[in-house]
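First comes the structure, then the notes that go with it.
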Amino acid sequence: QVQLVESGGGLVQAGGSLRLSCAASQRSLSSYTMGWFRQAPGKEREFVGGINYRAGGTDYGDFVKGRFTISRDNAKNTVYLQLNSLKPEDTAVYYCAARGGLLLRRSPSDYVYWGQGTQVTVSS
């Protein structure tokens, strides 16, 4: 069992930045691939990016276009999502998720463990 807790969301103006954190308790993330997703009201959950926790390989959703960066801190058992150049359309609840194995996947159904989400609101 992996418990994930996101933090770092908030209200920011367009063009601003936020750093989201996803901390895992009870178990090391070294055996998991981590993903970040987001869901806006009335929309499906969308893949933002993922990181192979052991090897460090990353993948990003097509809309990211270099604005977001995923990183990790092994010592803290934490994954980060740096959000830069934020736009109002980035407003959503952001979730982190974990799946066993080393393959990066973009579908929410491929992830087993989920955090509770953190709200990101970007004002124009």
Side-chain angles (χ1 to χ4, degrees):
Q1 186 77 12
V2 177
Q3 292 185 338
L4 304 172
V5 179
E6 303 98 333
S7 61
L11 174 64
V12 64
Q13 289 187 334
S17 298
L18 285 172
R19 189 177 79 157
L20 308 183
S21 300
C22 174
S25 61
Q26 299 182 321
R27 202 160 183 173
S28 169
L29 292 178
S30 62
S31 299
Y32 294 89
T33 292
M34 303 299 296
W36 282 98
F37 293 81
R38 70 183 187 181
Q39 189 165 20
K43 296 189 176 182
E44 294 185 351
R45 194 162 294 190
E46 178 179 36
F47 176 74
V48 176
I51 185 166
N52 174 308
Y53 204 80
R54 183 179 298 175
T58 57
D59 182 31
Y60 295 95
D62 295 338
F63 68 91
V64 171
K65 299 186 186 301
R67 299 185 298 128
F68 302 166
T69 303
I70 294 175
S71 62
R72 64 187 183 183
D73 185 330
N74 292 351
K76 295 183 178 180
N77 215 29
T78 299
V79 177
Y80 303 98
L81 178 64
Q82 178 69 41
L83 307 173
N84 296 328
S85 302
L86 283 163
K87 306 174 183 180
E89 51 264 43
D90 293 319
T91 295
V93 178
Y94 284 70
Y95 299 89
C96 71
R99 65 181 301 275
L102 303 179
L103 296 179
L104 287 161
R105 291 283 186 256
R106 295 188 171 195
S107 173
S109 63
D110 288 320
Y111 291 78
V112 177
Y113 303 106
W114 290 84
Q116 82 289 351
T118 185
Q119 177 70 46
V120 172
T121 303
V122 184
S123 63
S124 58

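The chain is numbered in sequence order, starting from 1.
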Mind jotting down which residue pairs meet the disulfide bond (SG atoms under 2.5 Å apart) criterion with at least one end in [range]? Sequence neighbours excluded, please.
range          : answer
residues 47-91 : none
residues 39-80 : none
residues 8-124 : Cys22-Cys96
residues 40-93 : none

Not counting sequence neighbours, list each pair that qualifies as a ring-ring contact (aromatic ring centres under 6.0 Å, His included) and has a residue in residues 92-124.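 Qualifying pairs, neighbours excluded: Phe37-Tyr111, Phe37-Trp114.
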Which pairs, with at least one residue in residues 57-86 and sequence neighbours excluded, count as a ring-ring contact (aromatic ring centres under 6.0 Å, His included)?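 For residues 57-86, and leaving out neighbouring residues, there are no ring-ring contact (aromatic ring centres under 6.0 Å, His included) pairs at all.
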So which residues get pulled into [X]'s cluster when ILVMFWY side chains under 4.5 Å apart are joined, directly or through others?
X      : value
Leu104 : none
Val5   : none
Leu103 : none

Testing Ile70, Leu4, Asn52 for side chain to side chain contact (heavy atoms under 4.5 Å, CB included) with Met34, which one passes?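 Answer to the side chain to side chain contact (heavy atoms under 4.5 Å, CB included) test with Met34 among Ile70, Leu4, Asn52: Leu4.
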Distance (rounded to the nearest 0.5 Å) between Asp59 CG and Arg106 CZ: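 Going from CG on Asp59 over to CZ on Arg106, the span is 4.0 Å.
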Going from CZ on Arg99 to CG on Asp110, what distance comes out if it is rounded to the nearest 0.5 angstrom?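 Reported to 0.5 Å precision, the distance equals 5.5 Å.
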Verify same cluster id: Val79, Val64 (apolar side-chain graph, 4.5 Å):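 As far as the 4.5 Å side-chain criterion goes, Val64 and Val79 are connected within one cluster.
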Between Tyr32 and Ala98, what is the shortest heavy-atom contact and its length?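 What the structure gives for the nearest pair is CD2-CB, 4.2 Å.
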Of all the heavy-atom pairs spanning Ala24 and Val2, show the shortest one and how long it is.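 It is CB-CG1, 4.3 Å.
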Do Asp73 and Thr78 get their side chains close enough for a donor-acceptor pair, meaning under 3.5 Å?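 Distance-only check fails for Asp73 and Thr78.
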Side chain to side chain contact (heavy atoms under 4.5 Å, CB included) between Arg19 and Leu81, intermediate numbers included: CA-CA 6 Å; Arg19 189 177 79 157; Leu81 178 64; over 6 Å; no
Could you pull out all donor-acceptor pairs under 3.5 Å where a side-chain atom in residues 117-124 meets a protein atom, sequence neighbours excluded?
from: Thr118; atom 1: OG1; to: Gly9; atom 2: N; distance (Å): 3.1
from: Gln119; atom 1: NE2; to: Ala92; atom 2: O; distance (Å): 3.4
from: Gln119; atom 1: NE2; to: Thr121; atom 2: OG1; distance (Å): 3.3

May I ask you to test the Leu83-Leu20 pair for a side-chain heavy-atom distance under 4.5 Å?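 With C-beta onward as the side chain, the pair touches.
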Can you confirm whether Ser17 sits close enough to Gln82 that some side-chain heavy atom of one is under 4.5 Å from a side-chain heavy atom of the other?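 SC-SC contact between Ser17 and Gln82 confirmed.
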Could you list the residues that satisfy side chain to side chain donor-acceptor pair (under 3.5 Å) with Ser31, not counting sequence neighbours?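 So Ser31 forms no side chain to side chain donor-acceptor pair (under 3.5 Å) with any residue.
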Please tabulate, for side-chain N and O atoms in residues 43-51, each donor-acceptor pair with protein atoms closer than 3.5 Å (sequence neighbours left out).
from: Arg45; atom 1: NE; to: Gln39; atom 2: OE1; distance (Å): 3.2
from: Arg45; atom 1: NH2; to: Gln39; atom 2: OE1; distance (Å): 3.1
from: Glu46; atom 1: OE1; to: Arg38; atom 2: NE; distance (Å): 2.9
from: Glu46; atom 1: OE1; to: Arg38; atom 2: NH2; distance (Å): 3.4

